[in-house]
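Chain letters run A, B, ... following the sequence lines, proteins first, then strands; residues in each count from 1.
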Protein chains: 2
Amino acid sequence: MIRLNSEFTIAVHSLVLLAYRPDRTATSEMIAANVCTHPARVRKVLSCLKKTGHVATREGSGGGYTLACDPHEVTLAEVYRVTSIGSIKPSWCSGDVEEDCLIACNMADVMDGIFSEAESRMLTYLAQVKIADVLERLRAAHAAKP
Amino acid sequence: MIRLNSEFTIAVHSLVLLAYRPDRTATSEMIAANVCTHPARVRKVLSCLKKTGHVATREGSGGGYTLACDPHEVTLAEVYRVTSIGSIKPSWCSGDVEEDCLIACNMADVMDGIFSEAESRMLTYLAQVKIADVLERLRAAHAAKP
DNA sequence: CTTACTGTTATTATAAATATTACAGTTCAA
DNA sequence: TTGAACTGTAATATTTATAATAACAGTAAG
């Protein structure tokens, strides 16, 4: 089974939330409350997005996270690359390289190639979805409610 | 993080192994040894592939599993649909439907849609890869070794 | 100097994946 | 007609991965 890492979700959610807020700023505690997780987890994910320049941070009182990119430009593929690249591949591998069997000793490699290609197809889709699009979808979902 | 279910790998490995064997037949014990897992796990996965007609089984002494499809026809997309459809979506969800916030209460739904679309892009790739192609890749990987 | 933050690591708890055991049911063949 | 070799399936245990929590050093504002 595949299982998309939830850090990807946290990263997207955080960026969307920052884009949504008028001042484009929030603390890890505020974001964590919205995401429904622990502030330390938010800080961990956002510290990756800081390294890539997607958010800026300010420590100390009155500090927090600020969106440092254009939500109309940044794609989910970018976010995925930061948080979860390679995660499509299962940790469990079938076969055994030491075996003296064509299949058993090469299956891990071959499946690895297939997973990589599958992931790259997924990325071409994620490259079409921008942070601003996600916000738009959220608004549409909200408007559609009774 | 995404995490492709390893039952998909076990299913592919089993089908390839059956296709490779001259009589296209093997027991769960033989397959498990090649895959490196427990025979009961192989039986569980293959009982799904039996329902879809990809393998035939015979219980009792001298029984086992037989390939019941053409490896040049069956695609990995088909196998994925049998074993792992929906598995790309993380079990963990961000946000909370009960919240009175545009983002928090709709994020799960919106991400769900994005994951579904991502999975379907992956499936269009997997639909291009046949069981026979995997066997071919295994032969190529083997030939490339010193 | 105190309060409110980030950054980071370590630890614990929880959930999910995998392995194992067990046994009923089936078939073959001696 | 009995025993050996299988599948099918569920229950349980074990291992591994994920997420939550705690803790604290460092930084900046007031």
Q: Mind listing the residues from residues 94-101 of chain A sitting with a heavy atom below 4.0 Å of DNA chain C? Number order is fine.
A: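 None, since no heavy atom is under 4.0 Å.
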
Q: When every nucleotide of nucleotides 2-10 of chain D is labelled 5' to 3' by its protein contacts under 4.0 Å (heavy atoms), B for base, S for sugar-phosphate only, - for none, what sequence of letters results?
A: --BBBBBB-

Q: Applying salt bridge (charged side-chain N to carboxylate O under 4.0 Å, His left out) as the test, list every pair that has at least one member in residues 15-38 of chain B; sequence neighbours left out.
A: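 Salt bridge (charged side-chain N to carboxylate O under 4.0 Å, His left out) check on residues 15-38 of chain B returns R21(B)-D23(B).
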
Q: Considering only residues two or more places apart or on different chains, which pairs with a residue in residues 95-110 of chain B satisfy salt bridge (charged side-chain N to carboxylate O under 4.0 Å, His left out)?
A: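 Every candidate salt bridge (charged side-chain N to carboxylate O under 4.0 Å, His left out) pair involving residues 95-110 of chain B fails, so no pair, neighbours aside, qualifies.
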
Q: Checking side chain to side chain contact (heavy atoms under 4.5 Å, CB included) against V12(B), which of L15(B), I10(B), V16(B) comes through?
A: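 So, applying the side chain to side chain contact (heavy atoms under 4.5 Å, CB included) to V12(B) and each of L15(B), I10(B), V16(B), only V16(B) qualifies.
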
Q: Tell me every residue that passes salt bridge (charged side-chain N to carboxylate O under 4.0 Å, His left out) with R41(B), counting only those two or more places apart in sequence or in another chain.
A: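 Partners of R41(B) by the salt bridge (charged side-chain N to carboxylate O under 4.0 Å, His left out) criterion come out as none, since no residue qualifies.
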
Q: If we fit an axis to the first five pairs and another to the last five of the helix from dC1(C)-dG30(D) to dA30(C)-dT1(D), what angle do they make, to the nearest 10°?
A: 0°

Q: With sequence neighbours left out, write down each residue that passes salt bridge (charged side-chain N to carboxylate O under 4.0 Å, His left out) with R137(A), or none if nothing qualifies.
A: none

Q: Under the rule for salt bridge (charged side-chain N to carboxylate O under 4.0 Å, His left out), what residues qualify as partners of K44(B), not counting sequence neighbours?
A: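 K44(B) satisfies salt bridge (charged side-chain N to carboxylate O under 4.0 Å, His left out) with E7(B) only.
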
Q: Going by salt bridge (charged side-chain N to carboxylate O under 4.0 Å, His left out), name the residues that satisfy it together with E136(A), two or more places apart in sequence or in a different chain.
A: none

Q: Establish, with yes or no, whether the OP1 or OP2 oxygen of dA20(D) is under 4.0 angstrom from a side-chain nitrogen or oxygen of W92(B).
A: yes

Q: Whole angstroms only, please: what is the CZ-C1' distance between R41(A) and dG7(C)?
A: 17 Å

Q: Cut-off 3.5 Å, side chains only: do T9(B) and S94(A) have a donor facing an acceptor?
A: no

Q: Measure the distance from CZ on F8(B) to P on dT18(C) and round it to the nearest whole Å.
A: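 After rounding, the reported distance stands at 14 Å.
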
Q: Look at S6(B) and dA17(C) and indicate whether a side-chain polar atom (N or O) is within less than 4.0 Å of OP1 or OP2.
A: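 False: S6(B) side-chain N/O out of range (4.0 Å or more) of dA17(C) OP1/OP2.
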
Q: When the distance from CD1 of I31(A) to C1' of dC5(C) is rounded to whole Å, what number comes out?
A: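 Value for this atom pair: 12 Å.
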
Q: Pairs in or reaching into residues 47-71 of chain B: which pass salt bridge (charged side-chain N to carboxylate O under 4.0 Å, His left out), with residues at least two apart or in two chains?
A: none

Q: Tell me, please, which residues at least two apart from S116(A) pass side chain to side chain contact (heavy atoms under 4.5 Å, CB included).
A: D112(A)

Q: Using the test side chain to side chain contact (heavy atoms under 4.5 Å, CB included), find all partners of A40(A) that sit at least two apart in sequence or belong to another chain.
A: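 Result, side chain to side chain contact (heavy atoms under 4.5 Å, CB included) vs A40(A): H38(A), R43(A).
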
